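Read the structure below first, then the notes.
This structure is a prediction, so every number in the text was calculated from the model and none was measured. FYI, the numbering just counts along the sequence from 1.
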Amino acid sequence: MIQLIQASTDVNLYFTKQSEPTGIGDALLLAEDFVDNDPFVLVLSDDIVKDPVPLTKLLLQDFDDYQTPVLGIENITPDEIRRYGVVELGAQKAEGLAAVKQIVEKPDENTAPSKLGVIGRYVLPGNFFTYLRQLPQQTPDTEQLSTALNLLNQDQPILARYFHGQREDISTKLGLLKASIDYGLKSAEFGPAIVQYIKALASSGRLD
């Protein structure tokens, strides 16, 4: 990011601070003035995604083609279902793209509508803030985003784009460790040393 800023005079960064961890919806409302009713990309930083064609680029193209909100989804394991917003899909719109019927936040495995979880990439219309302000006062912090999306979906159909690339969920300690190893191995600076360390662990019997 620093290199990008140094290399270009066309980059302007704006930021605001959420004083308390009171939900993604509350955090988004802090950015309303900056968005100024324009469509915007929402990126949740605890999801690191990698694919030959970036997921956000695909979502932006879908938004441009269909002029409707779109988000990323992927297959998740039964153990992960309680940690995700899980989608029920409707009609297929194109290859890898389908309509969203509803999003169920952190359901039980036995009642989940699918095994397709929402990942942290969205393209949303500027009027999404209207739906955030319509949330009932008792809406749990963890359900603000999915509840507002379901409200939006009643007025403007939401689409879901399947993601088949590599994703690291660094919201958990194990996920952060896995991502550190995966991306460390790809590093020209640290990769060889990490390989040697893993080989030494294997030969020592500590991985048995």
Legend entry - NZ/NE/NH1/NH2 to OD/OE distance under 4.0 Å, R83 and D169: yes
Legend entry - R167 bridged to E74 by N-O distance under 4.0 Å: yes
Would the number of heavy atoms belonging to other residues, nucleotides or ligands and lying under 6.0 Å from [atom1] of [X] be above 12?
X    : atom1 : answer
D155 : CG    : yes
K186 : NZ    : yes
Q92  : CD    : yes
K106 : NZ    : yes
Q67  : CD    : yes

Rounded at 0.5 Å granularity, tell me how far [atom1] in [X] sits from [atom2] in [Y].
X    : Y    : atom1 : atom2 : result
L30  : T16  : CG    : OG1   : 5.0 Å
E109 : E80  : CD    : CD    : 11.5 Å
S146 : Y84  : OG    : OH    : 14.5 Å
I170 : S180 : CD1   : OG    : 8.0 Å
I194 : I181 : CD1   : CD1   : 8.0 Å
L71  : I103 : CG    : CD1   : 5.5 Å

Do [X] and [Y] make a side-chain contact, defined as non-hydrogen atoms from C-beta onward lying under 4.5 Å apart?
X    : Y    : result
L185 : V195 : yes
L145 : Y122 : yes
I158 : T68  : no
V123 : P69  : no
I119 : L55  : yes
L151 : L135 : yes

Indicate the atoms forming the closest heavy-atom contact of [X] with [Y], along with that distance.
X    : Y    : answer
I198 : L207 : O-CD1, 4.2 Å
D51  : F163 : CB-CE1, 3.7 Å
A179 : E168 : CB-CB, 3.7 Å
K93  : Y66  : O-OH, 3.7 Å
I81  : K115 : CD1-CG, 4.1 Å
N127 : N37  : N-OD1, 3.7 Å

Legend entry - Aromatic centroids of F129 and F40 separated by under 6.0 Å: yes
Verify the cluster assignment for [X] and [Y]: are they in a single hydrophobic cluster under the rule of side-chain heavy atoms below 4.5 Å apart?
X    : Y    : value
V41  : V70  : yes
V35  : F63  : no
V43  : L29  : no
L152 : V118 : yes
L42  : L59  : no

Legend entry - Between N75 and Y162, a side-chain donor and acceptor under 3.5 Å: no
Inset, instruction - Would you tell me whether Q18 and D26 have side-chain atoms, one donor and one acceptor, within less than 3.5 Å of each other? - result: yes
Legend entry - Check: V87 main-chain N/O paired with S114 side-chain donor or acceptor under 3.5 Å: yes
Legend entry - CA sep, side-chain torsions, deciding dist, call: L28, L132, side-chain contact (heavy atoms from CB on, under 4.5 Å): CA-CA 9 Å; L28 268 177; L132 288 171; 3.8 Å; yes
Inset, instruction - Show your reasoning for whether side-chain contact (heavy atoms from CB on, under 4.5 Å) applies to V100 and N153. - result: CA-CA 8 Å; V100 173; N153 200 29; 4.2 Å; yes
Legend entry - Given N150, L89, V86, L149, the one that forms side-chain contact (heavy atoms from CB on, under 4.5 Å) with Q102: N150
Inset, instruction - Could you check D108 against R82 for side-chain contact (heavy atoms from CB on, under 4.5 Å), going step by step and ending with a plain yes or no? - result: CA-CA 6 Å; D108 183 87; R82 291 186 179 219; 2.5 Å; yes
Legend entry - Set of salt bridge (charged side-chain N to carboxylate O under 4.0 Å, His left out) partners for E32, sequence neighbours left out: R133
Legend entry - salt bridge (charged side-chain N to carboxylate O under 4.0 Å, His left out) against R121, all qualifying residues, sequence neighbours excluded: none
Inset, instruction - Could you walk me through whether Q144 and D141 pass the side-chain contact (heavy atoms from CB on, under 4.5 Å) test, one step at a time? - result: CA-CA 6 Å; Q144 292 172 355; D141 295 350; 3.6 Å; yes
